[in-house]
Student: 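Below are the structure tokens for one structure; questions will follow.
No hydrogens, no waters, no symmetry mates; every other heavy atom, side chains included, goes into these values. Throughout, numbering of the chain's residues begins at 1 and tracks the sequence.
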Amino acid sequence: MSEPPRHNLPAEPNRFVGRERDVDDLCGLLGETRVVTLCGVGGIGKTRLALRVAARLVPSYPGGVWLVELARLTRGELILQEIGHALGIHEEGTRPLLDTVTARLRDTHALLLLDNCEHLIDQCAEVAAELVAACRGLGILATSREPLRIASELVWRVPPLDLPDERHPDAESVLLFVDRAAAAGTRLSQASRADVVRLCRALDGLPLALELAAARTSLLSPGQIVDRIDGRFSLLTTGGRTAPPRQRTLLAAVEWSYDLLSAKEQVLLRRLSVFAGSFDLELAEQICADRPISEAEIVDLLGALVDKSLVLCDEERRRYRLLETIKHYAAERLAEAAEREVLRDRHLEVLCELQLRHFGTEMVEPDLPWPVRLAALTASRSLIDDQRAALDWAIASDNAPLGLRLCAYSTSLLPVSSANPAEIVGWVERLLALDLTQVSDEQIAHAQAYLAYGLEGRDELARSLECARASLAGLGDDNVFPSCVMHSLVVILLLRMGRADEALHHAETGLAVATASGDQWNQAAGLAGLSAVALTRGRLREAQCHGEEALAKARQHGHRWLLARTATQLGAVAEARGDLVKALAQYELAVPWLEELNGTIELARCLARIGRVAALLHEFGVARERLAASLSLSRLTGQRQGVARCLVGLSVLAEAEGDLESSVLAAASATALRESMGQLSATSRIEELLTRARGKLGESRTAALWSRGRTMSPDDAARQVLAGERPVQAGPMVAEPVRHSLLTAREQEIAALLTRGLSNRAIAEELVISPATVARHIANIMEKLGYTSRAQIAVWAAEQPRGSA
């Protein structure tokens, strides 16, 4: 496995000119203070300076340097999601995302670069303050037009580039202008130097304004440019007295550049402001082509805007984007032209069409090669920012039909794409709260299916099952693909809820519908579901047969996610049959497929399985490597369930290496972590482990280790096994007081009543609670004390001092 990345900083688009002193000073300050905010007017170069500083500091932050781009966000609640995305964190169940992010950053020395905070300044300040307070090793470098105004913040006012004078004719502003003019194809002579100096002074050394002016040198001389700018500044100063002086200057430069465009270039520029993220030529043609611009003209007009630095593009001119300052200005012109609503509607419609096309290519169409499907998935993912903007508009304009349609067919937000479950749930719930009088029952059923997926990812199983069943009722027999997908989801839900008999019906129904329609995707998924049901019911031969059929169908379809899912299912069957070599091979088969899909959660699960099986095969090097990689991924994505799974694997590894004590510690830590998530954690494997431990280590030592493991942090328990350390017994270990402290008052009462040989019903009657509640308390007591029978609890309780149990 390759090392995880240390940063997500982009490569510099062109030569960094000047500001070396600023870079040095800021690097020094970030070694002394934890929060530095670069403040200044838009276009002064805050982002470029921050990126340069961040890149210089990468070696100083072992936990990484992470860019969080906030400019495209429209709501404060998305800030944490964007931080999570930058860190590779996935929201976990109903756990607050702030807790997950804090857990990721608490014990590491990392730097967050929060770029463009000004439009969400209050929320940015709250998040930054909470993270700094909770994470001692965290540094924050922010860019904003105003300070965050939080404790410990150092505000750095980003100055303009140095202006030329008699002693420094080649000041930073001049060097930048000359460099960018050369990039635009203009080699300035010495005769123009006086005009360049005048222009740099007129533009106050603002980098964006200088770059815009340099782009025009292919048409105008520096003298002609500066003559035109001077007049604009005077007009803006007298017309906007309340605006900060530097903001007037920048707006004048942008407005001047806009006025220099042809009429059609102006129309295209303002229409391009509808895009939330980067876009390609095809998307621009579909959305922006309308009178007075024809579709055939878009390519030349877009190229002209790139040449004039109003639109940025990659080296291959395949992806384009607007500078944020230019985008805001263009959006205002779009509204003034009374085109905003029309363009936003068209943007929403085109996104619906594109995502439906990508969905069909990636998942539905038969007999397509994998590169074609992967290209569709990649294209769908590239539209995620625009999809969010389109959904925002659908909600703002009360357009539930198109908003729900966009959700229903977006692979970029489906679990196949490692989507954020909370985001799925959020969008669908907001859309379903709109006026639905124009929405068909079928569309609502599609939305419920989408919502069910998100809820399952959040571990809200009962609610997910309710939505999935409601979706099935509304979809009918004609909607083959989504109804089959829902049957597969219901199978997963029911198996997770321990209802295998009910799951069998849905697996059989979904497979029958998929087979009748020739739907390869859902045939593979249905067969995998049947295999999982058979495995749960202990029918291993049947599970093997269905699993092999599922893998064969997955190969016919060709989607890597299907292949990985069916291969891991066969691995689970082989493991249950005791064929560990076969299980290891099947799990390893899935790894490159999941890596290609960037399916971090599924990959972490698969690696943990590999580590566990490799440990049982005494391939300790492989086991340690895979479990460490899985643990790292689970930490990065904020998945506590993944961490617990790794701890179980590490428990297996420790016992296989002869370290029974570390094995008990890791198992206890995994149990405590799962309990903190509200999951029942009693397994036959843990019961068997404790039995073996009591036989070899003794009752007291085992109980003490179990109690200690339950209070260990998951990181400490994992580190002990990965490092091969043996637990050190500092002195006599007394388990009972520790174990006693783990029980609640009610659990102590029930433990004491067990000494009298009372049944659950008798205990319930005495305490005036239900027998089911008594059973649940007894299960919890067994887990906390490491026991497997009521008799063991009774013996322990009888040995406690009077009044203790």
Side-chain angles (χ1 to χ4, degrees), residues 35-51 66-86 97-98 101 112-131 140-150 153 155-158 206-208 240 242-244 246-251 253-255 269-270 272-278 310 312 321-336 340 343-344 347 384-393 395-397 423 426 430:
V35 182
V36 175
T37 302
L38 306 187
C39 287
V41 66
I44 204 167
K46 300 184 294 294
T47 297
R48 190 67 189 272
L49 175 59
L51 288 171
W66 307 105
L67 169 63
V68 183
E69 297 176 300
L70 304 175
R72 68 178 184 275
L73 302 188
T74 57
R75 304 195 311 279
E77 60 264 33
L78 295 176
I79 294 172
L80 275 171
Q81 290 189 20
E82 200 64 22
I83 293 174
H85 175 71
L97 184 54
L98 178 62
V101 171
L112 288 183
L113 199 175
L114 304 180
D115 191 32
N116 288 301
C117 299
E118 54 270 3
H119 61 305
L120 302 171
I121 192 68
D122 292 336
Q123 298 92 330
C124 283
E126 291 174 5
V127 171
E130 289 175 330
L131 289 177
I140 292 181
L141 175 61
T143 72
S144 176
R145 296 184 188 181
E146 62 179 301
L148 298 177
R149 296 189 177 90
I150 63 175
E153 178 189 27
V155 178
W156 175 280
R157 300 286 179 182
V158 179
L206 295 171
L208 176 58
T242 59
R246 295 193 185 282
Q247 187 175 0
R248 300 172 203 162
T249 302
L250 179 61
L251 289 176
V254 176
E255 188 172 49
L269 181 65
R270 66 183 184 236
L272 291 175
S273 68
V274 77
F275 295 116
S278 65
L310 289 168
L312 302 182
R321 67 180 180 89
L322 295 183
L323 291 167
E324 288 301 321
T325 302
I326 301 299
K327 184 189 294 184
H328 289 305
Y329 181 87
E332 292 178 0
R333 304 289 79 76
L334 186 70
E336 287 179 359
R340 179 174 178 267
L343 264 291
R344 299 296 297 175
H347 180 254
I384 185 63
D385 287 333
D386 276 291
Q387 175 165 308
R388 288 168 174 150
L391 288 171
D392 265 331
W393 176 248
I395 293 166
S397 60
E423 185 171 9
R430 291 173 67 197

Student: How many angstroms lie between atom CD1 of I79 and atom CD of Q123, to the nearest 0.5 angstrom?
Tutor: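 It comes to 5.5 Å.
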
Student: Under 3.5 Å, side chain of S144 to main-chain N/O of C39, donor-acceptor pair present?
Tutor: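 No; zero donor-acceptor contacts below 3.5 Å.
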
Student: Just wondering, do T74 and L120 contact through their side chains at under 4.5 Å, heavy atoms?
Tutor: no

Student: Check side-chain contact (heavy atoms from CB on, under 4.5 Å) between D385 and all other residues, then give those that pass, not counting sequence neighbours.
Tutor: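 Once residues adjacent in sequence are excluded, the partners of D385 under the side-chain contact (heavy atoms from CB on, under 4.5 Å) criterion are R72, A276, R388.
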
Student: At their closest point, which heavy atom of V68 faces which heavy atom of A86, and how far apart are they?
Tutor: CG2-CB, 3.9 Å

Student: For L269 and I326: C-alpha separation, side-chain torsions, deciding distance, then whether side-chain contact (heavy atoms from CB on, under 4.5 Å) applies.
Tutor: CA-CA 9 Å; L269 181 65; I326 301 299; 4.0 Å; yes

Student: One pair to check against side-chain contact (heavy atoms from CB on, under 4.5 Å): L114 and E82. What are the steps and the verdict?
Tutor: CA-CA 10 Å; L114 304 180; E82 200 64 22; over 6 Å; no

Student: Give the minimum heavy-atom separation between L148 and C117, together with the two atoms involved.
Tutor: CD2-CB, 4.3 Å

Student: Nearest 0.5 angstrom please: T37 OG1 to I140 CD1, how far?
Tutor: 8.5 Å

Student: In chain order, what residues pass the salt bridge (charged side-chain N to carboxylate O under 4.0 Å, His left out) check against E77, with sequence neighbours excluded?
Tutor: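 Residues passing salt bridge (charged side-chain N to carboxylate O under 4.0 Å, His left out) with E77: R75.
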
Student: Which atom names give the shortest non-hydrogen contact between F275 and D386, and what distance separates them?
Tutor: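 Taking F275 first and D386 second, the nearest heavy atoms are CA-OD1, 3.2 Å.
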
Student: Can you measure from CZ (R333) to CZ (R270) and round to the nearest 0.5 angstrom?
Tutor: 9.5 Å

Student: Closest heavy-atom contact between H119 and L73?
Tutor: NE2-O, 3.0 Å

Student: Once rounded to the nearest 0.5 Å, what's the spacing between atom NZ of K327 and atom CG of L272?
Tutor: 10.0 Å

Student: Is it the case that the side chain of E153 and the backbone of R149 share a donor-acceptor pair, with hydrogens and angles ignored and the cut-off at 3.5 Å?
Tutor: yes

Student: Within this structure, what is the CD1-CD distance for the pair I121 and E146, rounded to the nearest 0.5 Å?
Tutor: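 Here the rounded value is 4.5 Å.
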
Student: Please round to the nearest 0.5 Å and tell me the distance separating atom NE2 of H347 and atom CZ of R340.
Tutor: 12.5 Å

Student: For N116 and L70, which heavy atoms make the closest approach, and how far apart are they?
Tutor: O-CB, 3.5 Å

Student: Could you tell me which non-hydrogen atom of L113 sits nearest to which non-hydrogen atom of A50, and how far apart they are?
Tutor: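 For L113 and A50, the tightest heavy-atom pair comes out as CD1-O, 3.6 Å.
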
Student: Under 3.5 Å, which donor-acceptor pairs link side chains of residues 41-48 to any protein atom two or more places apart or in another chain?
Tutor:
{"from": "K46", "atom 1": "NZ", "to": "G40", "atom 2": "O", "distance (Å)": "3.0"}
{"from": "K46", "atom 1": "NZ", "to": "V41", "atom 2": "O", "distance (Å)": "3.0"}
{"from": "T47", "atom 1": "OG1", "to": "D115", "atom 2": "OD1", "distance (Å)": "2.7"}
{"from": "T47", "atom 1": "OG1", "to": "D115", "atom 2": "OD2", "distance (Å)": "3.1"}
{"from": "R48", "atom 1": "NH1", "to": "N14", "atom 2": "OD1", "distance (Å)": "2.8"}
{"from": "R48", "atom 1": "NH2", "to": "N14", "atom 2": "O", "distance (Å)": "2.6"}
{"from": "R48", "atom 1": "NH2", "to": "N14", "atom 2": "OD1", "distance (Å)": "3.3"}

